[in-house]
Q: 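Starting off with a structure, shown below.
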Amino acid sequence: MLNFDDKTAVAVSGGKDSVSLLHILAKIEKKHPKASLLAITVDEGIKGYRDEALKIASENCDELGIKHVVTSFRELYGFTLDEIVERLKRKGESGLTPCAYCGVLRRKALNTAARNVGADKLATAHTLDDETQTILLNILHGDVLRIAREKPVTDEAHPKLVQKVKPFCEIPEKETALYAYVRRIRFQSTPCPYASEALRNDIRQMLNRMEEKHTGIKFTVFKSMERIRPALEQIVKKEGLKECYECGEPTTERICKTCQMLRELA
Ligand code: SF4
Ligand code: ZN
């Protein structure tokens with residue numbers, strides 16, 4: 001996933017997974033003088049939640065002597081996530097959840113920030129739990145081709161896309177939490193106020209129940225998808241990436257998902 005001389009940007013939300021990843025990568029990076037590390041936090045603008053996470057992310061960066069870059073939805077898109085949710089309520093929209101907006105807007109924000117600092121890699125702390133949830137989520141949304149694009153090490157399919165790596169993709173969430181507790185790393189434990197609205201939450205609960213009864217089932221889902229992925233990639237490759245007509249960012253459509261969402265909100 002990482003080369004000895006990579007400049008790696010770590011997406012740090014302030015939660016246990018991302019701060020554990022930051023600490024582990026900082027430890028590894030010390031042994032590689034040509035490598036460098038920095039942290040990126042996206043401030044979505046979620047009152048009473050993101051402020052504390054930002055502070056924790058920043059404290060961890062200071063402790064490790066790592067540069068911390070903060071970017072925000074408001075600065076990039078003109079709206080905080082809270083304002084987006086408010087607008088959706090006023091418009092009587094009930095289709096997409098806050099997480100659907102948040103995920104799309106954050107993905108673009110992270111890529112832009114990583115590209116702006118000249119990073120070779122963008123490391124995210126997606127765990128085995130996140131990966132298996134995403135697989136099932138994409139299937140339940142009828143968006144199976146997305147599974148091909150969201151692999152643990154993405155292809156550099158476009159010069160504007162920073163290669164994404166997921167070093168924790170085979171690490172269960174419980175282990176990242178254990179690491180943080182054992183190392184006494186400070187992390188945010190308050191859940192996002194919008195989290196319970198997401199279908200992902202139902203899938204998480206289902207997978208956890210199944211894992212209790214059938215140990216190893218999350219690995220089985222992940223490994224099964226790794227085997228199917230090459231076939232899905234063949235279909236996705238044919239689609240190719242273009243540049244968004246409005247913002248110039250890479251997309252498979254004429255207008256990228258972010259611009260489509262912002263248009264609807266405006
Ligand atoms: Fe964004 Fe949803 Fe995560 Fe909250 S739970 S930070 S709204 S993706
Ligand atoms: Zn766009």
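Only this structure's heavy atoms are used, side chains among them; waters, hydrogens and symmetry mates stay out. Order of listing sets the numbers, starting from 1, for every ligand and every atom in it.
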Q: Using 4.0 Å as the upper bound for N to carboxylate O, is an ion pair formed by R204 and D129?
A: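 No.
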
Q: Treat each ILVMFWY residue as a node, draw an edge where side-chain heavy atoms are under 4.5 Å apart, and state whether V153 and L37 are in one component.
A: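 Linked within one cluster.
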
Q: Can you give the angle C256 SG - the Zn ion (ligand 2) - C247 SG, rounded to 10°?
A: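 My answer is 110°, to the nearest 10°.
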
Q: Is R106 close enough to touch ligand 1? Criterion: a residue heavy atom under 4.0 Å from a ligand atom.
A: yes

Q: What atoms of ligand 1 come within less than 4.0 Å of a heavy atom belonging to A195?
A: 5 (S)

Q: Touching ligand 1 at all, T97? Heavy atoms, strictly under 4.0 Å?
A: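 Under 4.0 Å: no for T97.
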
Q: So which protein heavy atom does atom 2 (Fe) of ligand 1 come closest to, and at what separation?
A: C99 SG, 2.2 Å

Q: Tell me: protein heavy atom nearest atom 1 (Fe) of ligand 1, and distance?
A: C102 SG, 2.3 Å

Q: So which of C192, G15, G103 gets nearest to atom 4 (Fe) of ligand 1, if we judge by its closest heavy atom?
A: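 Shortest heavy-atom distance from atom 4 (Fe) of ligand 1: C192.
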
Q: Per the salt bridge (charged side-chain N to carboxylate O under 4.0 Å, His left out) rule, which among R115, K108, R107, K160 passes with E249?
A: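 Going through R115, K108, R107, K160 one by one, the salt bridge (charged side-chain N to carboxylate O under 4.0 Å, His left out) with E249 is satisfied by R115 alone.
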
Q: Is K47 salt-bridged to D82, cutoff N-O under 4.0 Å?
A: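 Salt bridge absent between K47 and D82.
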
Q: Give the numbers and elements of all ligand 1 atoms closer than 4.0 Å to a heavy atom of L81.
A: 7 (S)

Q: Indicate whether the side chain of T134 and that of E150 have a donor and an acceptor atom separated by less than 3.5 Å.
A: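 Side chains of T134 and E150: no pair found under 3.5 Å.
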
Q: Decide yes or no for R263 and I255: does some side-chain heavy atom of the first lie under 4.5 Å from some side-chain heavy atom of the second?
A: yes

